[in-house]
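Just below is one structure, and these are the notes that go with it.
When a ligand or atom number is given, it counts from 1 through the structure's own listing order.
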Amino acid sequence: MLDIKEPGFRENVDLMFRRAVAHLDLPPGLARKIQICNSTYTVRFGVRLRGKIETFVGYRAVHSEHMEPVKGGIRYAPEVDQNEVEALAALMTYKCALVETPFGGSKGGLCIDPRQYEEHELEQVTRRFAYELAKRDLIHPAQNVPAPDMGTSEREMAWIADQYARMNTTDINSRACVTGKPLNAGGIKGRVEATGRGVQFALREFFRHPDDMKKAGLSGTLAGKRVIVQGLGNVGYHAAKFLREEDDARIIGIIERDGALMNPDGMDPDQVRAWIGQHGGVKGYQGGEFVEDGRKLLEAECDILIPAALEGVINATNAERIRAPLIIEAANGPVTAKADDILREKGTVIIPDLYANAGGVTVSYFEWVKNLSHIRFGRMQRRNEEAHALLLVSELERLSADKELGWELKPDFKKRYLQGADELQLVRSGLDDTMRMAYQNISEEWHRRPEAGDLRTAAFIVAIERVAASYRAKGL
Ligand code: GLU
C-alpha cells in the first residue's frame with residue numbers, strides 16, 4: 001500500500017511522536033523511554049488442519065507499561081508483522097492516555113487470512129494462540145487485555161476468554177482477561193458499534209467548535225454534509241450508518257476492496273452491507289455508480305472523508321489530490337507522515353486516529369470494569385431512579401389537572417422522563433462524555449500552541465504529557 005520511498009508505519013508513528021515532543025520540555029531521556037516499544041513477543045506454533053500441520057506466526061507487542069494492564073486489539077491479517085504491531089501498540093498507549101482509560105498500550109497480530117478458514121479451524125488456531133499468550137501473561141486481567149481489531153470480532157474474543165478460563169479455573173476475574181466479548185460471555189452492550197459511534201461523537205463535537213470548523217472551511221451542522229467512507233467493516237459501517245440515520249449526513253461514496261460506489265444523493269450503508277454480504281463486493285449494487293478503481297474516490301469532492309480500513313491509504317502518491325477539507329481517521333494510521341505534511345500545507349483538517357477511533361477502547365474499559373465488578377451497569381439504580389422520577393411526575397400530573405393553572409404535560413414527557421438508564425444508555429453517555437472531553441482537551445492545546453500546527457500534534461502533546469506525568473509519579 002505504501003510508496004516504497006516513504007517510511008513505514010512504525011517510523012510514521014515515531015515521526016508524529018517526535019513532532020509533538022519538540023514542543024515539550026521533557027527531562028532528558030524521558031521522551032525516548034516513552035517512545036520505545038518495551039517488548040514484542042513472537043510465537044510460531046503448529047496446528048493440525050486438513051490432515052497436515054500448519055505453522056502460524058503471531059505477535060504481542062507491549063509498548064508502555066506506565067499503567068497496567070496494557071490494552072489493545074488482536075488483528076488477523078496475512079500482512080501482520082512486528083513493525084505493524086509495534087506501531088499499533090504505540091498508538092494504543094497514546095490513545096488510552098488521551099481518553100483517560102487507565103491502561104498502557106499493547107497490540108497483537110496473527111499472520112492469517114481468516115477468510116481461507118472454516119469456523120472450527122479458526123477456533124482451533126485462536127485457542128492455540130491464546131494459550132501461547134496466556135502462558136506468558138500476555139493475556140491476563142491485570143496485565144494484558146486484548147480486544148477485537150481487523151479480522152477479529154466477538155467470536156474470537158469468546159474463544160480467548162474461554163481458553164483463559166480453562167487455564168485459570170479459580171480466577172474469579174477471568175472474564176476481564178479480554179474485552180469485546182459477546183454479551184452472553186461477559187460482554188457489554190454497545191461495544192460492537194463503539195468505535196463507529198465514537199467517530200460520530202467525535203464529529204459532533206468537532207461541529208460544536210465553530211473556530212475549528214472554520215479552519216476546515218466548513219459551517220453549519222452535519223446535516224446534508226457529503227461523506228465518503230473507505231471500508232465498510234465494523235467501524236466504517238457503524239460510523240456511516242449513525243451519521244446518516246441520526247445526523248442526516250449524506251453517504252455519497254463507499255470504497256471497498258473490489259471498487260467503490262458513488263451516489264451524490266446518498267446511499268444506505270445497511271443496504272450496501274447486505275449486498276456485500278451476499279455478493280462478496282460492491283460491484284453490481286444498483287443504488288450507486290460503480291467505480292472500478294476505488295482508490296480514486298478518496299480524491300473525490302466531499303465534505304468529510306472517513307478512512308476506516310488499512311494504514312497508509314493516504315500517502316505521498318495521492319495526498320496532493322485529496323479534496324476533502326476534513327478527514328477523520330477511523331482506521332489506525334491511514335495517513336502517512338508525508339501525506340500529513342502535504343495535507344497540513346493545503347489546510348486540510350485531520351481528526352487523528354488516536355482520538356477518532358478511541359471509542360472502541362473506551363467501551364472496552366467499561367466492559368473490563370463491569371467484569372471486575374461482576375454486575376451490569378444500572379442494575380442497582382435503574383428502578384430507584386424511576387421511582388424518584390415517578391414522584392415528580394405524579395406531582396406534576398396533579399398540578400396539571402388543575403385547569404386554572406392552564407398548563408399540561410406533553411404526551412410523551414411521562415414515558416421519557418420515567419425511563420431509568422439501562423446499560424446501553426449508560427455506555428453511550430460515558431462514551432459521549434469521553435469523546436467530548438478528549439476533543440476539548442485537544443482543541444484547547446491546538447489553540448494554545450498555534451505553532452504546533454494541527455490536531456494530531458495537539459493530541460500527541462496531550463497524550464505524551466499524561467504518560468510523562470505518570471512516569472514522573474512513579475519516580476522515573
Ligand atoms: N482494536 C481497537 C483499537 O485499535 C480496540 C482496542 C481495545 O478495545 O482494547 O483501538
Contact between ligand 1 and Lys107 is defined here as a heavy atom of the residue under 4.0 Å from a ligand atom; is it met? yes
Any donor-acceptor N or O pair under 3.5 Å, side chains Glu329, Asn357: no
Using distance alone, determine whether Pro146 and ligand 1 share an N or O pair under 3.5 Å. no
Using the ring centroid of each side chain, check whether Phe201 and Tyr439 are separated by less than 6.0 Å. no
Does anything in residues 63-73 form a salt bridge (charged side-chain N to carboxylate O under 4.0 Å, His left out)? List the pairs, not counting sequence neighbours. none
Could you see which bit of Ala358 sits under 4.0 Å from ligand 1, with heavy atoms only: side chain, backbone, both or neither? neither
Heavy-atom distances under 4.0 Å decide this one: backbone, side chain, both or neither, for Arg191 against ligand 1? side chain
Report yes or no: do Tyr355 and Glu205 form a side-chain donor-acceptor pair below 3.5 Å? no
Among protein heavy atoms, which lies nearest atom 8 (O) of ligand 1, and at what distance? Ser364 OG, 2.6 Å
What is the nearest protein non-hydrogen atom to atom 7 (C) of ligand 1, stated with its residue, atom name and distance? Ala147 CB, 3.2 Å
Ligand 1 contacted by Gly180 (non-hydrogen, < 4.0 Å): no
Numbering the atoms of ligand 1 from 1, which are under 4.0 Å from a heavy atom of Gly360? 8 (O)
Determine, using ring centers only, whether His23 and Phe460 are less than 6.0 Å apart. no
Which of the atoms in ligand 1, numbered in the order shown and given with their element, are less than 4.0 Å from a heavy-atom of Asn332? 4 (O)
Inspect the contact between Arg344 and Asp341 and indicate whether a charged nitrogen and a carboxylate oxygen are less than 4.0 angstrom apart. yes
Counting heavy atoms only, which of Lys95, Glu367, Lys71 is nearest atom 9 (O) of ligand 1? Lys71
Does Glu465 reach the main-chain N or O of Val462 with its side chain, forming a donor-acceptor pair under 3.5 Å? no
According to the interplanar angle, ranging from 0 to 90°, do the rings of Tyr76 and Phe129 count as parallel (below 30°), tilted (30 to 60°) or perpendicular (above 60°)? tilted
With the threshold set at under 4.0 angstrom, would you say Met92 reaches ligand 1 through any of its heavy atoms? yes
For ligand 1, which atoms sit closer than 4.0 Å to a heavy atom of Gly73? 1 (N), 6 (C)
